[in-house]
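First comes the structure, then the notes that go with it.
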Amino acid sequence: MDPHSLKKLNALRRDRKAAILLTDLGDGRDRVIGEGDTVAGVLGEAVARAFRSGKSGVVEVDGRHFFLNVHLPAPRLVVIGAVHISQALAPMAKIAGFDLTIIDPRTAFASPERFPDVALHAEWPDEALARQPLDAYTALAALTHDPKIDDPALKAAFDAECFYIGALGSRKTHAKRVERLKDAGVAGQALERINAPIGLDIGAATPAEIAVAVLGSVIRALRTRGLDGGGLPS
């Protein structure tokens, strides 16, 4: 690998940013492409697909063969609220390959007994997120119904451009949430990114079913980021 490519690749990985090491199999030359870098034509389409899927492989463009070695940060799911939905969501998220963190200042809920083997922070979101900031490969699900807990976390998710932002609550509850966030200075376009009511519309009724709907929605956002209607902003 070219030393310049290695340096750029390591820097992107250190900053939890996606990268592709593109190697021309004909002459062995390589270069690193960061997500958002401009790559034109058919090769650019292949690069975009690779970023979305996370899968490495060989593509042919105009008779030339390229190997795309994809390096994606491990996706994270930060859940605000140590509630029943979170208890069901925790093992599902682990199976799906997400690094899960649960944040809730209410110590009666955020206990190791209720959430064994989970990264659990019994503190206010702004305190926990100051130590472990959100980023573009993090999904945030706000589940407490408490504006004092949920709203600061949602605002942090907008600032970090999380690939998924969801919040529990009815449409009436969400309308009030939108007004509060507008008053806090969040732009209207950003507020449209909130998935609310949270999760896929599968008619979920129980906490476990809602957890399935939330995880499905998060996975869809992860695999469609950069496309119209979902994922990272362009």
Side-chain angles (χ1 to χ4, degrees), residues 75-94 98-200 204-218 221-222:
R76 297 166 54 208
L77 173 56
V78 174
V79 177
I80 307 301
V83 296
H84 291 310
I85 297 170
S86 309
Q87 287 180 293
L89 183 57
M92 298 180 192
K94 183 176 181 180
F98 288 86
D99 290 337
L100 179 76
T101 299
I102 296 176
I103 301 171
D104 195 326
R106 302 170 300 181
T107 54
F109 294 93
S111 67
E113 292 75 21
R114 298 183 72 231
F115 293 92
D117 302 319
V118 172
L120 183 66
H121 300 284
E123 55 189 323
W124 292 92
D126 53 351
E127 297 171 351
L129 296 178
R131 290 195 315 276
Q132 190 176 20
L134 304 172
D135 59 40
Y137 272 82
T138 301
L140 182 125
L143 305 179
T144 72
H145 275 303
D146 187 335
K148 298 190 301 297
I149 303 173
D150 285 346
D151 289 5
L154 290 169
K155 192 171 186 305
F158 298 130
D159 294 340
E161 297 186 344
C162 290
F163 75 85
Y164 177 88
I165 303 171
L168 188 68
S170 65
R171 286 177 173 79
K172 183 177 179 180
T173 296
H174 183 58
K176 294 179 180 178
R177 177 188 297 126
V178 167
E179 290 305 313
R180 290 195 307 272
L181 291 170
K182 282 183 180 179
D183 292 341
V186 179
Q189 186 175 3
L191 293 169
E192 294 175 2
R193 296 195 60 226
I194 302 177
N195 188 283
I198 197 169
L200 299 178
T206 67
E209 290 174 351
I210 295 170
V212 170
V214 171
L215 185 58
S217 187
V218 169
L222 178 65

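For the single chain, residues carry numbers from 1 onward in sequence order. In what follows, every heavy atom counts, from backbone to side chain, and hydrogens, waters and symmetry copies are set aside. This is a predicted model, so every value here is computed, not measured.
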Intermediate values then yes/no, side chain to side chain contact (heavy atoms under 4.5 Å, CB included), I103 and W124: CA-CA 7 Å; I103 301 171; W124 292 92; over 6 Å; no
Single hit among D150, V83, I102, I149 for side chain to side chain contact (heavy atoms under 4.5 Å, CB included) with L143: V83
Minimum-distance pair of heavy atoms, taken over all atoms of L120 and P112: CD2-N, 3.9 Å
Interatomic distance, S217 atom OG to I210 atom CD1 [nearest 0.5 angstrom]: 13.0 Å
Residue D183 excluded, over 12 heavy atoms near CG under 6.0 Å: yes
Atom pair CG (N195) and CD1 (I198), whose distance is rounded to the nearest 0.5 Å: 6.0 Å
Atom pair CZ (F115) and CD (Q87), whose distance is rounded to the nearest 0.5 Å: 4.5 Å
Euclidean distance, K155 NZ relative to L181 CG, rounded to 0.5 Å: 9.0 Å
Audit row: L77, L89, side chain to side chain contact (heavy atoms under 4.5 Å, CB included) steps and yes/no: CA-CA 10 Å; L77 173 56; L89 183 57; 4.0 Å; yes
Approximate separation, where rounding is to 0.5 Å, of L140 CG and L129 CG: 7.5 Å
T144 side, atom OG1; D151 side, atom CG - distance, nearest 0.5 Å: 8.5 Å
Steps toward side chain to side chain contact (heavy atoms under 4.5 Å, CB included) verdict (L168, H145): CA-CA 7 Å; L168 188 68; H145 275 303; 3.7 Å; yes
Which atom of M92 lies closest to which atom of A208, heavy atoms considered: CE-O, 3.8 Å
Closest approach of A142 to L154 (non-hydrogen atoms, all atoms of both residues): CB-CD2, 4.1 Å
Flag, side chain of R114 to backbone of A82, donor-acceptor distance under 3.5 Å: yes
Where R106 and G81 come nearest, the two heavy atoms and their spacing: NH2-CA, 4.4 Å
Side-chain H-bond candidate by donor/acceptor type, H174 with R177, under 3.5 Å: yes
